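Written below as structure tokens is the structure these notes are about.
All of these numbers come straight from a predicted model, not from anything done at the bench. Because only heavy atoms are used, hydrogens play no part in the values below, and waters and symmetry mates are left out as well, while side chains stay in. Counting begins at 1 with the first residue of the sequence.
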Amino acid sequence: MKHLLAVLCGCLPALALANTSVSSPQSLWKEIQGLQKTHAIMPESTPYQVGSRTVDPYTTDLANTAAKDSIQKAGGILKVTRYREGSLVVKENYNRHKQLVGVTAMLKVENFDSVDRNWVMAAYDPTGKVLAFGKVGSCIACHVIVRKQDMVFAPPPQQLLPITTWKGFFPKQAMNPRYVALITQYPHNVVP
């Protein structure tokens, strides 16, 4: 993931985000830490669910109140067509020892980037070091696959990437055998 998200690594300027308390990658990290402390598990997600890569075979999805309300109001993640302003969804990535190895996030900010549904994308290492923030092309390129769901994937096995698509985004990384087994077990849940 690091090589894909390295697009905006290093010193990043603060990004002014309209109508939100998040004005920088560091303030977004504080919001993420709040979700982590309260164990704000995203609806339909479970702690340490199957991740797609061998480098982070477990993931946990978190969501703030705005995102949870959007999911509940729509009747499920697969039915959300637009997340509410201020929605924050987070994916914690864990290694095989269930140690945190990275965090990615999407924050819905009014007038940020209407072409990409106004999502600010971010990636951090476990300490909060910013790896990417803002309009991150590598994130958007994958998430656009589920544009009808406002670019938010449902957790596995509810929604799975096809192996060919997955390999296109992570060509130098091995797939988690448990994720491949889910693709075989739930072929109707693979994103077309």
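- Checked against N118 for a side chain to side chain contact (heavy atoms under 4.5 Å, CB included), the options M151, E85, K108, R82 give a single hit: K108.
- Side-chain atoms of T60 and I41, non-hydrogen and from C-beta on, do get closer than 4.5 Å to each other.
- At least one cation-pi condition fails for K129 and Y124: the charged atom is not both under 6.0 angstrom from the six-membered ring centre and inside a 45 degree cone around its axis.
- Residues L88 and L35 are in side-chain contact: their nearest non-hydrogen atoms beyond the backbone lie under 4.5 Å apart.
- Residue R84 is tested with N64, D69, D150 for a side-chain hydrogen bond (donor to acceptor under 3.5 Å, both in side chains); the sole match is D69.
- Residue Q49 comes nearest to K91 through the heavy atom pair NE2-NZ, 4.1 Å, listed as atom of the first residue, atom of the second, then distance.
- Annotation for K135 and F112: closest pair N-CZ, 3.8 Å, computed over non-hydrogen atoms.
- Comment: R96 does not engage D56 in a salt bridge, judged by the lack of any side-chain N to carboxylate O separation of less than 4.0 angstrom.
- For the residue pair A63 and K68, the shortest heavy atom distance occurs at O-CE, 3.3 Å.
- For R53 and Y179, the positive end is not near the middle of the six-membered ring at less than 6.0 Å and at most 45° from its axis.
- You'll find the side chain of L182 reaches within 4.5 Å of the side chain of V50, heavy atoms only.
- At least one side-chain heavy atom of L62 sits under 4.5 Å from a side-chain heavy atom of E92.
- S87 has its side chain within reach of W119: a pair of non-hydrogen atoms, C-beta onward, lies under 4.5 Å apart.
- The distance from atom OG of S138 to atom CZ of F169, rounded to the nearest 0.5 Å, is 8.5 Å.
- Both tests pass for K98 against the ring of Y58: distance under 6.0 Å to the centre and angle within 45° of the axis.
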